[in-house]
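Working notes for the structure below.
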Amino acid sequence: MDKELWYQCRRLYLKRCSNLKYSIGPSHIKLAEKYGYLPYMIARYEEIFNDELTQFLEGNERKIPASIRCNNLKIPCIMLIRKLREKGVILSPIPWAPHGFWIHRSPINIGSTHEYLRGYYQIQGAASMLPAYILNPRESEIVLDAAAAPGVKTTQMAQLMNNQGVIIAIDISRERMKALRSNIARLGVHNVIAIRIDLRKFNTNIKFNKVLLDAPCTGEGLIPIKPERKRSRTMNDLRKLGLLQVEMLLKALDLAQEGGTIVYSTCSIAPEENELVIDTVLEIYKHASITKIQSPIGSRGLTKYFNLEFTHDLQYAIRLYPYKHGTEGFFIAKIIKERER
Amino acid sequence: MRKLKFLILDKSEHLITIIAKIVDANILKELINRGFKRMIALSGPYSELYVVNEEQFMFILNILNNTNRHPYCAGIYVAKIDKKVNGKEPIEEKDIRISLTFAELVFTKFNLRKSIVVINDWGEKLALYGRDIMAGSIIDMYPPILKGKLVIIANRINEFIGFGTPLYNYNEIIKLRNKQPTQIVIRNEVDLGWYLRKGG
């Protein structure tokens, strides 16, 4: 990766963060107290949701149904449904996820059934199924999962590739790599090479057809599942993670082949971790562009945030919200690496 | 730092010969037919054996050369060499522990119909909690079932549960099924419940 590009991106990201102007008023403090958030979060959410702020906050108080992804590497989905229904599980297909099912009610723990142990399904948030579908890896392709552990999306991609082609799955965490290996084994995946390494140090001459960067994030989209996230992250955390995300996205672009596709996603709704990251990187790295996501679900990406203006193409990214889409909060953008002239 | 050793599956390497003895040589041939022609051995506290296809093998070499990183895992996980005997040469049959992944693959994809013990629903529940198999739980057996030689454990609808080591030969188990149904006859080596108990 070109260090000069990284330094430029770093400078630009920090400059834009420090220029970000928002103020915390009494109404923000009141709402923060009512719903248990840090006030700075409410001020930011007001900018994103305007009139729908209360709906958003109320939505975060409601439970999101569990969801599973049928693993058709091991069982036809129709047979899995039959087996789970026989056990009294009430489930229905997620209309926009070909292998996804909502679990409405289950008399047994969905994470310890015999079918789970046999790798017939994977527990996976509904929104988190989208990045792999959007990347759409094919059987003959070489794919990089750039922050892979615990391997939920890695195994989903293996499924979409029918266990063919090659997925290089990398992650820095020793502990989470164990979970990745276990999931790969349980779900019967054979086309993965897992490497424990920091993406930023992954220096190879391999150029990938497709790259999935499901970046480490604050998890601001997971508040309905993990309410402690309402108070556990500061603006400083956002900035630190934002810088890491910028560096990782630059590296992902570097590793993609010309004409290759990068899907960037986070389980955060913070623009500082999403639109601002992508806008900063594409401002400096000239040979990539955002492309429209054909998704039946999701709201448009932001093109304005307080006093910051982003590229208009960011409207082609998608955002998912608990109150609007019934899923965890999520952000997804699809980027094409262009040919250098 | 773990070391990486490359083996070719169809060469008469000692390690390959030993694995062929445990899992049946035809299974290795079947792997080769499916393009998985290479074996990689990751040494360390445990030595893990994986089979990979040529494409995966080339990527592993590339990454090794460029980043000096060996894979954490790759392709199909075949077996582990017991840490107590790590470094000992020559490795013997008893030193190798076949992986759950590989045993399941052999059972489900390679249509192997020998050395299988089929158990009832109650036996399945117990087995998935890591318990051994009682004679009375067995509803069918596909010979050879030999004392001390690995067998696959399956349920009544032909689904893989795990694998174990018979404590008796076929005929003795048949007799015990009627006379002492609570007698443990198969030692549970690994079952799918492992994914919950230790899988991470």
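The chains referred to below are lettered A, B, ... by the order of the sequence lines, with proteins before strands, and numbering in each begins at 1.
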Portion of B:F102 that has a non-hydrogen atom of chain A nearer than 4.5 angstrom = neither
message = Please classify the contact of B:I157 with chain A as side chain, backbone, both or neither, using a heavy-atom distance under 4.5 Å.
response = side chain
So, for [X] and [Y], which heavy atoms are closest and what is the spacing to 0.1 Å?
X: B:N66; Y: A:T204; result: CB-CA, 4.0 Å
X: B:I161; Y: A:R118; result: CG1-NH2, 3.8 Å
X: A:L117; Y: B:G193; result: CD1-CA, 3.9 Å
X: A:S182; Y: B:W194; result: OG-CZ3, 4.3 Å
X: B:Y72; Y: A:K178; result: OH-CG, 3.3 Å
X: B:L196; Y: A:G111; result: CD2-O, 3.3 Å

Counting neighbours of [atom1] on [X] that are heavy atoms of other residues, nucleotides or ligands and sit closer than 6.0 Å, is the number greater than 12?
X: B:F6; atom1: CZ; result: yes
X: A:R105; atom1: CZ; result: no
X: B:K147; atom1: NZ; result: no
X: B:R156; atom1: CZ; result: no
X: A:E175; atom1: CD; result: no
X: B:R97; atom1: CZ; result: no
X: B:Y142; atom1: OH; result: no

key: Region of A:I142 in contact with chain B, defined by heavy-atom distances below 4.5 Å   = side chain
message = Using heavy-atom distances under 4.5 Å, tell me whether A:N163 contacts chain B through its side chain, its backbone, both, or neither.
response = neither
query = Do B:M58 and A:V166 have side-chain heavy atoms sitting under 4.5 Å apart?
reply = no
Non-hydrogen side-chain atoms of A:K201 and B:R69 separated by less than 4.5 Å = no
request  = Go through B:L105 and A:H190 one step at a time and tell me if the side chain to side chain contact (heavy atoms under 4.5 Å, CB included) criterion holds.
outcome  = CA-CA 10 Å; B:L105 181 78; A:H190 304 150; 3.3 Å; yes
task = Could I get the full list of ring pair (Phe, Tyr, Trp, His ring centres under 6.0 Å) partners for B:F107, not counting sequence neighbours?
result = none
note = To the nearest 0.5 Å, atom CG of A:N203 lies from atom CD1 of B:I63 at 12.0 Å
key: Spacing of CG belonging to B:L100 relative to CZ belonging to A:R186, to within rounding of 0.5 Å   = 11.5 Å
task = Go through B:E159, B:E124, B:K125, B:Q56 and name the one with the most non-hydrogen pairs under 4.5 angstrom from chain A.
result = B:E159
ask   = Picking from B:T101, B:N53, B:T67, which has the most non-hydrogen pairs under 4.5 angstrom with chain A?
value = B:T67
query = With B:P71, which of A:I193, A:V192, A:I168 fulfils side-chain contact (heavy atoms from CB on, under 4.5 Å)?
reply = A:I193
